[in-house]
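Only one structure is covered here, and it is reproduced in the block below.
Chain letters run A, B, ... following the sequence lines, proteins first, then strands; residues in each count from 1.
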Amino acid sequence: MRLSAYFLPLLRENPSEAQIVSHRLMLRAGMIRQSSAGIYSWLPLGLRVLKKVEQIVREEQDASGALEVLMPTIQPAELWQESGRYDDYGKEMLRITDRHERAMLYGPTNEEQITDIFRQSVKSYRDLPRNLYHIQWKFRDEVRPRFGVMRGREFLMKDAYSFDLDAAGAKRSYNRMFVAYLRTFARMGLKAIPMRADTGPIGGDLSHEFIILAETGESQVFCDKAWLDADILASEIDYAGDLEPFVERWTRLYAATDEKHDAKACPVAEDRLVTARGIEVGHIFYFGTKYSKPMGAVVAGPKGEPIAVEMGSYGIGVSRLVGAVIEASHDDAGIIWPESVAPFTLGLVNLRAADARCVAAADALYARLGAAGIETLYDDRDESPGAKFAAMDLIGLPYQLVIGPRGLDKGLVELKERKTGRKEELSPEAALNRLGGK
RNA sequence: CGGGGCGUAGCUCAGCCUGGUAGAGCGCCAGCUUUGGGAGCUGGAUGCCGGAGGUUCGAAUCCUCUCGCCCCGACCA
């Protein structure tokens, strides 16, 4: 993509309404614009990141055996009256009336909807287990939306729902999601730590919050030092096999939010205890028959007996993750994207848009990068070098390839790694080879 | 929902106390000169001063109401 033809409205100064770093950087880097409190538009650069995050979530859900569906944002009130949550949910739920005066609502979550779909079609234990998920916009009319995309009222969420015949099966489903979650966050370069959690209004009795460590996180967390070296992706996962040992391994390591942490009772020695800030990016629940019973999600068992299915639900804040990644990875100059979610892999910078020789060299490289399948944002604008460097650092692409007259005299270009700031002069050939390996 | 703050140019903000008809820096447009870490000069455009009502000869400024946004707290993917 040529920057001269892109829509990337950068801000040089910090908008006054943005207090936390991810919000500031997302606005400054032209990723989002606010529409009203807690509601945002996603601009091209931000949308690319959102899509990448979404895709990683999708791939790991699919790998775990979950099946993607897409449920509507607007739901009928009757479903929620059936489960008993229509009155319980309170003002967080945006209630709408259609032209026929029918009570509708903008879904804050989809347990009722999915249970309805399930009960209409699944009648036999032989069709279990199943896990259905979708990635859809939610609306929760938060009293106090804040922190940009991290606590919006409208947000993109992946929510999965598992259906099993019995508690043991439900625990296996829970384990699959537990593993998929650890892998999902690890792939985004995040250290996500599962912590025992209260179940809140969703209900149930087995639940973990996944909290990533970030200096700017909202909550105080405590964990065993071993978490810092945890390499989730090193383990081979067989979703068809027994995941309990893996889950056991990662739930045994101490981790607690400040609400649950008791310094006196803490089993971790002081020198092994890490105190850090955290952001919740996922939450999984096992809640048994809380919805299946009142809503009649019942299947015939092996002997023909009616069995209310055991359910769990599993959420990931997809849009929140975009902010969370920034909270976890930035410096004074701007964002530092992990490659897996970066909007582009490479920023190609032509320092002299007025110099025919530089333009020719940059154009040629741009064509070859495209042919090599490397996602490149090509800064072909006629701007001063300083402005270009600052813009590239701000938007945080993992690599920058700089072409200028000084280097070209020697037949060299400069490759800079955003994360480390390390720069290296090398031939265009060598640069292509280096990037091709990415 | 309780407490606090702020709405003036695209962004950051001054002006408000003490009323006299709107400013700066950056950005934007044009031209020239520049060019390896947010360049310089010259010229130019941009505002229902959040909205409504009131006081006044006169309101960005004073008063009343209202809307919006932000922060702290209680709650949340």
Give a yes/no answer on whether the side chain of [X] brings an N or O atom under 4.0 Å of OP1 or OP2 in [N].
X        : N     : answer
A:Arg144 : B:C72 : yes
A:Gln34  : B:C70 : yes
A:Thr109 : B:A77 : no

Once hydrogens and angles are ignored, does a donor-acceptor distance under 3.5 Å link the base of [N] to the side chain of [X]?
X        : N     : value
A:Glu13  : B:G25 : yes
A:Lys416 : B:G37 : yes
A:Glu414 : B:G36 : yes
A:Arg146 : B:G73 : no

- [ ] Test the A:Arg95-A:Tyr86 pair against the cation-pi criterion, namely NZ or CZ under 6.0 angstrom from the six-membered ring centroid and within 45° of the ring axis.
- [x]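 Flagged: A:Arg95 positioned over aromatic ring of A:Tyr86.
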- [ ] Mark yes or no: A:Arg140 above the aromatic ring of A:Phe155, with NZ or CZ under 6.0 Å from the six-membered ring centre and no more than 45 degrees from the axis.
- [x]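 Judged by the rule (NZ or CZ under 6.0 Å from the ring centre, within 45° of its axis), A:Arg140 is not positioned above A:Phe155.
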Any-strand Watson-Crick or G-U partner of [N], both distances under 3.5 Å:
N     : result
B:C48 : none
B:U61 : none
B:C11 : B:G25
B:C69 : B:G5
B:C41 : B:G31

Task: Interatomic distance at P, B:G7 relative to B:C16, whole Å - done: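 B:G7 and B:C16 have their P atoms separated by 13 Å.
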Sequence neighbours excluded and cut-off under 3.5 Å, please list the side-chain donor-acceptor pairs for residues 67-80 of chain A, or say none.
unit_1	atom_1	unit_2	atom_2	d
A:Glu68	OE1	A:Arg58	NE	2.7
A:Glu68	OE1	A:Tyr133	OH	3.4
A:Glu68	OE2	A:Arg58	NE	3.3
A:Glu68	OE2	A:Arg58	NH2	3.1
A:Gln75	OE1	A:Trp80	NE1	2.7
A:Gln75	NE2	A:Thr109	O	3.1

Look at the side chain of [X] and decide which nucleotide, out of [options], has an atom nearest to it.
X        : options             : result
A:Arg12  : B:U12, B:C72, B:G38 : B:G38
A:Val402 : B:C70, B:C1, B:G36  : B:G36
A:Leu11  : B:C72, B:A77, B:C11 : B:C11
A:Glu142 : B:C1, B:C75, B:U12  : B:C75
A:Ser384 : B:A77, B:G38, B:G36 : B:G38

Task: Pair A:Ser4-A:Asp380, side-chain donor/acceptor within less than 3.5 Å - done: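 Result is yes, a qualifying pair exists.
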Which part of the nucleic acid does [X] contact within heavy-atom distance under 4.0 Å: base, sugar-phosphate only, or nothing?
X        : result
A:Lys388 : nothing
A:Arg153 : nothing
A:Asp355 : nothing
A:Gly386 : sugar-phosphate

Task: From CD (A:Glu209) to CD1 (A:Ile211), nearest 0.5 Å - done: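 Here the interatomic distance stands at 4.5 Å.
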